[in-house]
> 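Starting off with a structure, shown below.
In the text below, chain A, chain B and the rest are named by the order of the sequence lines, each starting its count at 1. Computed from a prediction, not measured in an experiment: that's the story for all the values here.
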2 protein chains.
Amino acid sequence: MFKPFIATYLCVAKMKTAEKHSIKISAEEKIKCSARELFTQKGFAATKTRDIAEKAGINLALLNYYFRSKQKLYELIMEENMIAFRTGIVRLFGDTAMEMEEKIEKIVEYYIDAFLANRDLPAFIISIIHTHQHTPVPDNKFYISIGNAQKVFLEQIKKHLQKKGINAIHPAHVITNLMSLIFFPFTSSTMLKSRAGLNENDFIILMQERKKLIPIWIMSMMETTINSKNIKK
Amino acid sequence: MFKPFIATYLCVAKMKTAEKHSIKISAEEKIKCSARELFTQKGFAATKTRDIAEKAGINLALLNYYFRSKQKLYELIMEENMIAFRTGIVRLFGDTAMEMEEKIEKIVEYYIDAFLANRDLPAFIISIIHTHQHTPVPDNKFYISIGNAQKVFLEQIKKHLQKKGINAIHPAHVITNLMSLIFFPFTSSTMLKSRAGLNENDFIILMQERKKLIPIWIMSMMETTINSKNIKK
DNA sequence: AAAAAAATTAATCAAATGATTAAATAATTC
DNA sequence: GAATTATTTAATCATTTGATTAATTTTTTT
């Protein structure tokens, strides 16, 4: 059984005041926590070292004392996030024993649980992949291709679609739709809330529902065939 | 009939050298064009006025001469983008005469055509809506709610779902999925290309296919019902 | 062509910002 | 408890970066 994603760090900034006093948190931890939040929300360039220091309630010099530079701090946080997330997902994608349908269910569950637990993560992942040419990180240090594991899953989809015959949709649509339905609601929750008139609680309920619904939708999409009726002018 | 979205500006930076010589382009236009590209790709903070000037091949002072400040330039570009995009979409959503199914087809077509013509637009729209608290713009100047038009469309969906009975999915899922399937492939084309092993040309072909496929998928999703089999543990 | 206006440039300013230093304080070791 | 090490601070440096100025060139108007 796959364990759900659990953030491997604790975030002081998000704690209630009462909690804060019960635990003694090192300055180092405070900095990392504040930095993680600011970097995710505003990006590397827009996040100022002074903002981080202020949010963490520490002296500016401590940031350099512990992490050498803003850049190094950023890289450290990125690495932690990616490692924490990647651990489970690679195993899932690459599992050759698991049937495609069950795998889809597990993938959806894993992602949504991870994103509900760490709401900054989806934006993080996308920004790393999308803008790894714009973000000042030593060559794709964090652009961890899911690589081989990904291929296993893709092959399973291809095989399934082949049964549908020559008019089945392209496997890329399946991957695209799966990732779209999982990621997008999180990266644009503000937009969706406003468009569909939801509050934060409604949103969480919907996301829970989606863990069951997305696999159903994906399976039914794979039934779609492309023919003259669909595609031609 | 609704005209497809056409970028209302011409972008010199993207022109072939031959084209550049045939038209004389004002410094003002060059700046706007370069700025648009950089702002979208890297964000406001990461884009330096010197980068814009260099890319446009003009003197740094001209930026302030024409646009007063980096901030003003940013706002101008944002406004142009939003106005150009919004024009058609509000009319579409709000059309009370058009049937829901046809409307979905038209909406998908409109968005995808717009995004294919201006690949920066989806990220722009999302960033405006998502981070309008982080981007330094005078209070939601660009956060144009589709407002009433949106409500018309939402009502049409609700009505359609009511026919399916009490177990039909929440209308928010329909809006969510529609927007997800349209937007996400564009905002994360890099990710999808790598995950599904596509090149740029494959990508465009897939997006064209999606204009026909997404409405089919959305309609079939609306057939899904939530029952104990789907939701309960 | 002279005068006026517009466009462009190089040089420079001022504030923001990442980073360092040297001194002070707290914690740990011996 | 003295010595040593680790942590924290205030002050400061150096670079980046948005913006301005004053002079120069180009274009337009008269």
Side-chain angles (χ1 to χ4, degrees), chain A residues 9-10 12-13 20-21 23-79 131 134-138 141, chain B residues 9-10 12-13 20-21 23-79 131 134-138 141:
Chain A
Y9 41 82
L10 72 169
V12 187
K20 281 185 189 175
H21 289 286
I23 315 167
K24 81 161 213 313
I25 299 123
S26 67
E28 197 175 342
E29 207 57 46
K30 284 188 215 161
I31 295 170
K32 250 161 78 174
C33 167
S34 304
R36 180 177 297 110
E37 217 173 316
L38 289 173
F39 280 141
T40 333
Q41 287 176 351
K42 322 210 301 179
F44 181 80
T47 301
K48 310 304 173 187
T49 52
R50 283 167 175 80
D51 296 343
I52 299 173
E54 191 187 6
K55 188 181 180 97
I58 54 95
N59 187 285
L60 173 60
L62 284 186
L63 192 150
N64 294 80
Y65 176 74
Y66 285 117
F67 303 98
R68 191 72 189 165
S69 75
K70 178 189 176 187
Q71 176 68 40
K72 286 271 191 340
L73 173 59
Y74 179 77
E75 290 175 23
L76 182 76
I77 288 169
M78 284 293 196
E79 204 163 14
T131 68
H134 302 300
T135 318
V137 189
K141 186 168 174 183
Chain B
Y9 42 82
L10 74 166
V12 187
K20 281 185 188 175
H21 288 286
I23 315 167
K24 82 160 214 315
I25 299 122
S26 66
E28 196 174 343
E29 207 57 47
K30 284 187 215 162
I31 296 169
K32 250 163 75 173
C33 168
S34 304
R36 181 175 359 257
E37 220 173 314
L38 289 173
F39 279 141
T40 333
Q41 287 176 352
K42 322 211 302 177
F44 180 81
T47 301
K48 310 304 175 187
T49 52
R50 282 168 176 79
D51 297 343
I52 299 173
E54 191 188 5
K55 189 181 178 100
I58 54 97
N59 187 287
L60 174 60
L62 283 186
L63 192 151
N64 295 80
Y65 176 75
Y66 285 116
F67 303 98
R68 191 71 190 165
S69 75
K70 178 190 175 186
Q71 175 68 41
K72 286 269 189 343
L73 173 59
Y74 180 77
E75 289 175 25
L76 182 76
I77 288 169
M78 283 294 196
E79 203 162 16
T131 67
H134 302 299
T135 317
V137 189
K141 186 169 176 184

> On DNA chain D, nearest-nucleotide positions of B:Asn64 versus A:Gly57: which is more 5'?
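Nearest-nucleotide comparison on DNA chain D picks A:Gly57.
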> In whole angstrom, what separates A:Phe67's CZ from C:dG18's P?
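Rounded to whole Å, this separation is 16 Å.
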> Could you state the atom-to-atom distance from NZ of B:Lys70 to P of D:dT17 in whole Å?
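Interatomic distance, NZ of B:Lys70 to P of D:dT17: 9 Å.
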> What's the NZ-P distance between A:Lys72 and C:dA19, to the nearest Å?
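One finds 9 Å between P of C:dA19 and NZ of A:Lys72, rounded.
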> Using atom CG of B:Leu62 as one end and atom P of C:dA7 as the other, report the distance to the nearest whole Å.
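Nearest whole value for this atom pair: 10 Å.
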> Tell me if a side-chain donor or acceptor on A:Lys70 pairs with a main-chain N or O of A:Phe44 at a distance below 3.5 Å.
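Yes: the side chain of A:Lys70 pairs with the backbone of A:Phe44.
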> Using whole Å, report how far CG of A:Asn59 lies from P of C:dA23.
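Spelled out: CG on A:Asn59 to P on C:dA23 is 17 Å.
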> Atom SG in A:Cys33, atom CD1 in A:Ile52: separation rounded to 0.5 Å?
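Between atom SG of A:Cys33 and atom CD1 of A:Ile52 there are 11.0 Å.
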> Can you see if the side chain of B:Thr49 gets near the phosphate of D:dG18 - specifically, an N or O under 4.0 Å from OP1 or OP2?
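Yes, B:Thr49 has a side-chain N/O under 4.0 Å of OP1/OP2 on D:dG18.
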> Decide yes or no on side chain to side chain contact (heavy atoms under 4.5 Å, CB included) for A:Leu73 and A:Tyr66, but give the supporting numbers first.
CA-CA 9 Å; A:Leu73 173 59; A:Tyr66 285 117; over 6 Å; no
> For the CD1 atom of A:Ile58 and the CD1 atom of A:Ile31, what is their distance to the nearest 0.5 Å?
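Atom-to-atom, A:Ile58:CD1 and A:Ile31:CD1 are 3.5 Å apart.
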> Quick one: CG on B:Leu76 to NZ on B:Lys72, what's the gap to the nearest 0.5 Å?
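Taking CG in B:Leu76 and NZ in B:Lys72, the distance rounds to 11.0 Å.
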> Of the nucleotides C:dT20, C:dT9, D:dT7, which has the atom closest to the B:Ala61 side chain?
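Side chain of B:Ala61 sits closest to C:dT9.
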> Would you kindly give the CD-to-P distance between A:Glu54 and C:dA16, to the nearest whole Å?
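Nearest whole value for this atom pair: 14 Å.
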> Round to a whole Å and report the spacing from CG of B:Leu60 to C1' of C:dT8.
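In whole Å, C:dT8 C1' lies 12 Å from B:Leu60 CG.
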> Which nucleotide in the list D:dT9, C:dG18, C:dA7 gets nearest to the side chain of B:Tyr65?
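Among D:dT9, C:dG18, C:dA7, the one nearest the side chain of B:Tyr65 is C:dA7.
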> Can you figure out which of D:dT8, C:dA7, C:dA19 approaches the side chain of B:Tyr66 most closely?
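From the listed options, C:dA7 comes nearest.
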> Could you please name the option among D:dG18, C:dA10, D:dT20 that lies closest to any side-chain atom of B:Arg50?
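My answer, after comparing the listed nucleotides, is D:dG18.
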> Between B:Ile31 (CD1) and D:dA19 (C1'), how many Å, whole number?
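It works out to 14 Å between those atoms.
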